[in-house]
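Note that the numbering runs from 1 along the sequence shown for the chain.
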Amino acid sequence: MARDGSVVPADPQAMAVVKKKTQSSRSWILFDASGKGSLLDVDKYAIMHRVQIHARDLRILDPLLSYPSTILGREKAIVLNLEHIKAIITAEEVLLRDPTDDNVVPVVEELQRRLPQVGSGHQQEGDGKEFNVGQHDLEGNEEDESPFEFRALEVALEAICSFLAARTTELEMAAYPALDELTSKISSRNLDRVRKLKSAMTRLTARVQKVRDELEQLLDDDDDMADLYLSRKVASASPVSGSRGGGGAWFAASPTIGSKISRASRASLVTVHDENDVEDLEMLLEAYFMQIDGTLNKLTTLREYIDDTEDYINIQLDNHRNQLIQLELFLSSGTVCLSFFSLVTAIFGMNIPYTWNDNHGYMFKWVVIISGAISAVTFLLIIAYARKKGLVGS
């Protein structure tokens, strides 16, 4: 609509560009601590400003670029790139890319279910129940002590491990029958089928290996694991961790800090002095490392089975090749024997006068008959030997 109130016709090309921009800009979904999701209509610069990361970190999450699986700990965010799961996790929210993707939809549903902290609604009770709420928090601390970023990280790790395990199971169900069929009948169709399955297994193994290597690298470096404790950083940077007296009273009377920092973050204030304590995260990573390592072992077993099948097929082919060589050698020996009799027959068939052939015309007939009989017997012996060795059909 123009400034004077008249309706301006829309340009189809401009509408297409706007629609394309809208679709590309709505490729992020934001989850807060309560598990509520909302689509973000922002560009990459707004994302960088919101979570305070560099452009090189955001470039890792670009679906148009091929980056290996990565878990990066930054000052105020965790950059997560695990196959199709591309997310940015902070101490208070999760940004997930491409929420409408078929492989990402289960992750979205799981984040909505598991991000809300159990028992957080009890904090809204009156003053008369404050002591009971605090006591309930201490009693249920073991159940709800996981920080927000670890709950989000666990959802992502569980999703990618389950996804790769499912792909491995599907590959096993297709590969083992195909390999057994190939061992029973070697044909071009079965060979091509196994070749495609082996290529798929190689690609899947590389994907699983990348995730496993990233988890192993994190487990080997305590400093990298310490960088993932975002709630601890927020708690240590807040005025609560100050040494002045009345700091605890200030925290209790501050609804802003109380709403932003979960009870897990407040519980971590007790151990905030020990920044190298990464036992909780180490146990979390070790659990999924063992799971992804088990998936890799399945693929390794499948590769060994394929190699064994290839060795078995090569042995079969070598055996048939050796039998053919034996048959060729035997036929060559028979040909040499037959050529001797052919030589005798050819000599007798020439128009050369022989003095010893005078008045003995029957000699030529007997030589031809005997040569033919010996040739027939030799041919029958060759056929019998070939049948015994299985070189020809019965």
Electrostatic pair [X]:[Y] at N-O distance under 4.0 angstrom:
| X | Y | result |
| --- | --- | --- |
| K196 | D192 | yes |
| E172 | K298 | no |
| R114 | E158 | yes |
| R151 | E154 | no |
| R50 | E93 | yes |

Where is the tightest heavy-atom contact between P99 and V104, given as atom of each residue plus distance?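 So the two residues come closest at CA-CG1, 4.1 Å.
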
Might you point out which heavy atoms bring C161 and Y288 nearest each other, and give the distance in Å?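 Closest heavy-atom pair between C161 and Y288: SG-O, 3.8 Å.
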
Counting neighbours of CD on E328 that are heavy atoms of other residues, nucleotides or ligands and sit closer than 6.0 Å, is the number greater than 12?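 Check fails, neighbour count at 12 or below.
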
First locate atom CG of L285, then atom CG of L219, and finally report the distance between them rounded to the nearest 0.5 Å.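 Rounded to the nearest 0.5 Å, the CG-CG separation comes out at 5.0 Å.
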
I'd like to know if the side chain of K86 and the backbone of D98 have a donor-acceptor N/O pair within less than 3.5 Å.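 Here the side-chain-to-backbone pair does not exist.
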
Beyond-backbone contact of E216 with D220, side-chain heavy atoms, under 4.5 angstrom: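 The answer is yes, as the side chains (C-beta and beyond) meet within the 4.5 Å cut-off.
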
Could you go step by step and tell me if D213 and Q209 meet the side-chain hydrogen bond (donor to acceptor under 3.5 Å, both in side chains) rule? CA-CA 6 Å; D213 292 343; Q209 186 69 46; 2.8 Å; yes

F163 ring centre to R167 NZ or CZ under 6.0 Å, with the angle to the axis within 45°?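 Pair R167/F163 counts as cation-pi.
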
